[in-house]
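Scroll down for the structure; my scribbles are underneath it.
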Amino acid sequence: MSTALDDAVRDALSDILDLAPPPADQPTDTPLVEQREAGQGLLLAVAATLVVIAGTVGLLAVTRDRSKPEPAPQPVATQPAEPPVASPPAPELFPSLPDSGSRNQGATGSYSQIDPASSPQASVGIARRDGDRLVEGITITAYAQPRTELFDGLAVTQVNLDGVTLDAYTEPGDPAITSVIMPDTVGLASVVSGRDPVAFLDAAGLDFFAAKYGTGPGGQVVITVFSRPDGFQEIQGSTPLAVGAREASLQLPSVGNGDGVLVTVGVHPETATHAAAGPLTSVDINGIAGWASDGPGHSVTWQVETHTWATVAGATTTEEALTIARDLEFIDETTWRDRYDVADPGIAPATPPATPATATTPTTTTRADANAVSVLVVNASGVPGVAGSLTGALQQAGFDTLGPLNAIDRTQVDQSVAYYHDDIDTGILDDLVEVAPVARAEQITDQPTPGVTGDMLERADVAVIIGRDLAAAPWNEPPSTTAASPGTEILYLLDATTTAQGHARFTALEARLQADGITIRTSATTRPVETDLLMPIGETNDWTHHVADLAGIGGFDTWTPNLLDHDLPDDINAVLAISDHPN
Amino acid sequence: VWRDHAQELVRYATLLVGPADASDVVSAAFLRATDRLAGVDNVRGYLFRAVTTTAIDQTRSTRRRQTRELRAALPEATIDARSDPDVRRAVASLSVQQRAVVYFTFWHDLPADDIAALLGIAPATVRRHLGRARLHLRKALT
């Protein structure tokens, strides 16, 4: 029985199929270039037909002869610039105690640094929430370079999981921390650590995460978690450990029988590491939420600034650690160095690894066919064009992609996430992460998802939400074949914005287009425009498509003359109207 | 073979890549398939699959161009259109695989197993693509 949906779709298909051009002559085995040139004639004929149709329905489209564009000038070879020496990241604030307190007498300050020659790495923390406690914590650490020396001299045992034999190294102490070396990595690249990582892996399986080392500028290790055992949650998303990062410490004299307390501030959260060592309890440090460990070496860790975390460790009781934490003051670096007579450590530039390890994907499952999985990319990064760029990279990798979208209500998110339906083979997520190094992957639930509607999530097997962490588009986008010829075509950039935020978008886009060599003339309009519109004058070509790519625009619109109070200049090739809202 | 199938294949390709590139895609698919048709039982099915594969294999920039062309062309270019423009837009916004499955389901009334054989994908994948496409199309209708 035919339903309303069936009828509506058949009608739509009928209208769409009626757009089909007549078949060309039977193709012969001629070179592809000639085939394309022959096709261009047909393409132009179809374009002309569309123009006539558009004109008939009342939409004006202008066609114009254009001379063959001049060939693009050859680029002038230049010497590559020397890479800048990066300062190692340092904390934003430094620890201090009031002069009046006895603890500050004899306190010594010092710098320490993550070995500049060590491997880039990242970590993720996972734990089970039990009221106000985090229990059964584990840490995933992925290294761009094997770090076998970390486990030299430790007792090793073999464990068997999912039919795979793995090495597990145990560091003696209280608590004893065991690290399981994950399979299918390049050398020693991924480690799962905690009090009982074997039990966790037994529940999670061996392919619950993947790690990737970005080889582009500023490349870093990114870990993506696909699934977790019931009751577990991520307590710390993928966090890179910057090679060469500095930490500032304050060693406090011992009280009673203790060895003294060490206060440390650094640019990396310590929650994952502490959770792996023992249960953590939620605490309040002067209005800031933190975590306290009541195990040996009682500690407290909390965030004191956007990129700065503090840890108090080595106390004899949790109460002592908390008292010190609440007494601490955080001051600027210069004042701190003066106060504790700490010498300037200078700048020790990070040494990039000689040969980055290839992507590490600890998986034992058979990969699904990428083309069998549909992917929708949603831009919540605030940077135009990123979703289109990733869609292209995913297409190139074989994924079946839908047209990219912007997040609803211009929502921006910090971390990129891949949301997937439970009916797909999650093995394909490994392939997806190879292209799009999202911070995490989550199964779609009934819960609201920032930046997207339920309808958007329903459209594809996987929805990739690009956050600010991937705004730099760290994937290998295939080279565009639609490069513009600078100076041969002119874009009329129309400012249809009405708000300061909209005008800022206009200015940013103008700069981006100019930086790419697009010749621009600007004008303003008082006519309202709901979304950005790109209106080619005449047929579309490589240049108009290139402009669309740069502007992050998914479709062309027909030129509407009443947008202007004056005539459009004769030499304009396309009009781009910028609204307050992106597409 | 060309004479028998070209028209139908170009119509199908129009759904996948838009009218501007449909003819090129079919020509390229036919050239690829010509040498292999001798031992093929179902020539029509083989050619449909060749067109689907060729449409999918287009380069990134070409496919972005095609998507843009298709989105621009479908809602407005059909002067005698009988159908709901929202549904046409919804069809245009589906992925290539979803559009292929919709075409064979709604236009040819083929069951999932036959579509799977035709497109060289698993029947479960066909049902998944169709399920997602149906949901999206239904939203467009309401």
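Chain identifiers are assigned alphabetically (A, B, ...) following the order of the sequence lines, protein sequences preceding nucleic acid strands; residue numbering begins at 1 within each chain.
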Checklist line | CD1-OH distance between I16(A) and Y12(B), expressed to the nearest 0.5 angstrom | finding: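 The distance works out to 13.5 Å.
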Next item on the list: Measure the spacing between OG of S83(B) and CG of D7(A) and express it to the nearest 0.5 Å.
Entry: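 Separation between the atoms: 12.0 Å.
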Notebook entry, point to check: Who wins among L376(A), D461(A), D455(A) for the most heavy-atom pairs under 4.5 Å with chain B?
Noted result: D461(A)
Portion of [X] that has a non-hydrogen atom of chain A nearer than 4.5 angstrom:
{"X": "V126(B)", "value": "neither"}
{"X": "L137(B)", "value": "both"}
{"X": "D86(B)", "value": "neither"}

Next item on the list: Say whether, by atom type as modelled, one donor and one acceptor occur between the side chain of D400(A) and the main chain of S95(B) under 3.5 angstrom.
Entry: no
Check: Does S93(B) offer a backbone N or O that forms a donor-acceptor pair with the side chain of R459(A) under 3.5 Å?
Finding: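 Checked: pair present.
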Margin query: Could you check whether D11(A) pairs with R88(B) (Lys NZ or Arg NE/NH1/NH2 to Asp/Glu carboxylate O, under 4.0 Å)?
Written below: no
Note to self: Let's test your reading of the structure: which of Q7(B), R11(B), R134(B) forms the most heavy-atom pairs below 4.5 Å with chain A?
What the structure shows: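 Result: the option with the highest number of such pairs is R11(B).
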Check: Side chains of H129(B) and S374(A): closer than 4.5 Å at any heavy-atom pair?
Finding: yes
Next item on the list: Side-chain contact test, heavy atoms from C-beta onward, threshold under 4.5 Å: evaluate it for W107(B) versus L17(A) and give yes or no.
Entry: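 W107(B) vs L17(A): side chains touch.
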Note to self: Using side-chain contact (heavy atoms from CB on, under 4.5 Å), reason through H136(B) and L402(A) one step at a time and then give a plain yes or no.
What the structure shows: CA-CA 12 Å; H136(B) 184 51; L402(A) 289 81; over 6 Å; no
Might you point out which heavy atoms bring [X] and [Y] nearest each other, and give the distance in Å?
{"X": "V87(B)", "Y": "A12(A)", "result": "CG1-CB, 3.7 Å"}
{"X": "Y103(B)", "Y": "L13(A)", "result": "CA-CD1, 4.3 Å"}
{"X": "A8(A)", "Y": "L141(B)", "result": "CB-CD1, 3.5 Å"}
{"X": "A460(A)", "Y": "Q98(B)", "result": "CA-NE2, 4.5 Å"}

Item checked: All side-chain contact (heavy atoms from CB on, under 4.5 Å) counterparts of D423(A), not counting sequence neighbours ->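 Partners of D423(A) under the side-chain contact (heavy atoms from CB on, under 4.5 Å) test: H421(A), R128(B), R132(B).
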Notebook entry, point to check: Which residues satisfy the side-chain contact (heavy atoms from CB on, under 4.5 Å) test with R127(B), sequence neighbours excluded?
Noted result: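 Partners of R127(B) by the side-chain contact (heavy atoms from CB on, under 4.5 Å) criterion, ordered by chain and then number, come out as A112(B), D113(B), P123(B).
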Next item on the list: Using side-chain contact (heavy atoms from CB on, under 4.5 Å) as the criterion, point out the one residue from T3(A), V9(A), L5(A) that pairs with R138(B).
Entry: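 Output: one option passes, namely L5(A).
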